[in-house]
Protein chains: 2
Amino acid sequence: MDMKPNSPPETNRSLPIALLRAREKVMGPIRAMLNDVGVTEQQWRVLRVLNERGTLDPTEIAERSCLLLPSLTRILQTLEGKVLISRAPHPTDRRKQLVTITGSGRQLIVDNLQESQRLNQWLRDSFGAAKLDELLDLLNELDALERDSGR
Amino acid sequence: MDMKPNSPPETNRSLPIALLRAREKVMGPIRAMLNDVGVTEQQWRVLRVLNERGTLDPTEIAERSCLLLPSLTRILQTLEGKVLISRAPHPTDRRKQLVTITGSGRQLIVDNLQESQRLNQWLRDSFGAAKLDELLDLLNELDALERDSGR
DNA sequence: CCCATCTACTTAACATGTTAATCACAATTG
DNA sequence: CAATTGTGATTAACATGTTAAGTAGATGGG
């Protein structure tokens, strides 16, 4: 037990940094793929959510794609400009809107989904399916934690 | 085996999203703490690296704090403006510079390190020390992976 | 020594992250 | 129904992320 008192965690044992580095490893190739198509990682997330879940309002898109509403507002404007999504007013609540992916949007996903899945599969093979699942379980547990937080 | 063919991973089982959500859980309280002091999460990372490792050049700071050089350039300008770091030309290589944390910078760390460690400890207690270590191991393994990448 | 090339850092341009403020509309209450 | 409060989305302002281009200084031949 030769641990120094109050020894702060090395940057390698810092969870925020470790999460950041891991994310970079995984997203790097995906970002490169999307860069060729002209959409960002965040725009891709929004399109995938809309493709999987159908028409949604911005608040739910934000939750599912892990974006804050101010960012999403700008992203939706961009995607609408590219005609990858369309927006319609909510029939009863005039504060809301309904966002739908367009045919072009779906096509963009179709064009890139295979490559995306290939990258996923490569990760599974390289890292190991068991460890990947274990990692996902731990991350989801961590996320499910703290509904109160230590502050 | 009732798996649908080509079934894409749900957003919850997507590693990039899971990493993002987990990071938000961990960083949220830390960000709040730093927000009160007037430094960002990235500025905090740079200061901690400089405090732990001493005088460094920007390239090494970028690696250790997980920032890209263009971001770091702006961050160093900001930190220099706040007199939390100082910059000096490299004695032999005039392309480089040497960045050092100032007394004010060290003081800022001292003032917030305890709270930071308290939040870390709370995470360890809530999540479990064993699982936290396991998670860190998996993340580091993932990071150490792919020196070639699947592209 | 000169040139081609590489390296360290910076700048530029655009997209997103983050917090606070704002606006329109909805829901609630008196 | 009017006033208050809450909600959904947007805007504003500043910081960072990301890619590409630029600049100054080092480095390695010829």
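For clarity, every value in this text was computed on a predicted model and none was experimentally measured. Chain letters run A, B, ... following the sequence lines, proteins first and then strands; every chain starts at 1.
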Same cluster (ILVMFWY, side-chain, under 4.5 Å), A:Leu98 and A:Val46: no

OP1 or OP2 of D:dT11 under 4.0 Å from side-chain N/O of A:Gln77: yes

Think A:Arg87 has a side-chain N or O under 4.0 angstrom from the OP1 or OP2 of D:dT10? yes

Using salt bridge (Lys or Arg N to Asp or Glu O under 4.0 Å), reason through A:Glu24 and A:Arg21 one step at a time and then give a plain yes or no. CA-CA 5 Å; A:Glu24 269 316 293; A:Arg21 286 197 218 273; over 6 Å; no

5′-ward residue of the pair A:Asn35/A:Leu76 relative to DNA chain D: A:Leu76

Please give, in whole Å, the distance from [N] [atom2] to [X] [atom1]?
X	N	atom1	atom2	answer
A:Ile61	D:dG8	CD1	P	14 Å
B:Leu98	C:dC9	CG	P	9 Å
B:Asp57	C:dT7	CG	C1'	12 Å
B:Gln97	D:dT23	CD	C1'	14 Å
A:Leu34	D:dT19	CG	C1'	14 Å
A:Asp36	D:dT19	CG	C1'	12 Å
B:Asp93	D:dT27	CG	P	6 Å

In B/S/- notation (B base, S sugar-phosphate only, - none; protein heavy atoms under 4.0 Å), nucleotides 12-18 of chain C written 5' to 3' is BB-SBBB

Can you check whether [Y]'s main-chain N or O pairs, donor with acceptor, with [X]'s side chain at less than 3.5 Å?
X	Y	answer
B:Arg87	B:Val99	no
A:Ser126	A:Trp122	yes
A:Asn140	A:Leu136	yes

Which nucleotide in the list D:dA24, C:dC9, D:dA9 gets nearest to the side chain of B:Arg95? D:dA24

Out of curiosity, A:Arg106 CZ to A:Leu50 CG, how far, rounded to the nearest 0.5 Å? 9.5 Å

Using a distance-only test with no angle check, is there a side-chain donor-acceptor pair under 3.5 angstrom linking A:Thr102 and A:Ser86? no

